[in-house]
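Scroll down for the structure; my scribbles are underneath it.
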Amino acid sequence: MIDPKLTTPTDITGQSILIVDDIYTTGRTIRHAASLLLENGAKSVTGLTLAR
């Protein structure tokens, strides 16, 4: 069963978001996610990767 909190849209307007990714290869995943978050009202987005 999927937790409804994971499928319910959340208002991110004005929020600072941290994206954590396990491995950085091209950076495409973080760039795309950041772009979508900023387009939907995030104040800022920071990416953190654990390995390169």
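Along the sequence shown, the residues carry numbers beginning at 1.
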Only residue of T29, L36, I30 satisfying side chain to side chain contact (heavy atoms under 4.5 Å, CB included) with H32 is L36
Minimum heavy-atom separation for [X] and [Y], please, with both atom names.
X   : Y   : answer
L38 : S44 : CD2-CA, 4.2 Å
A34 : I19 : N-CD1, 3.9 Å
S16 : K43 : OG-CE, 4.1 Å

Nearest 0.5 Å please: distance from the [atom1] atom of [X] over to the [atom2] atom of [Y].
X   : Y   : atom1 : atom2 : answer
L18 : L37 : CG    : CG    : 11.0 Å
I12 : E39 : CD1   : CD    : 10.0 Å
T49 : D22 : OG1   : CG    : 9.0 Å

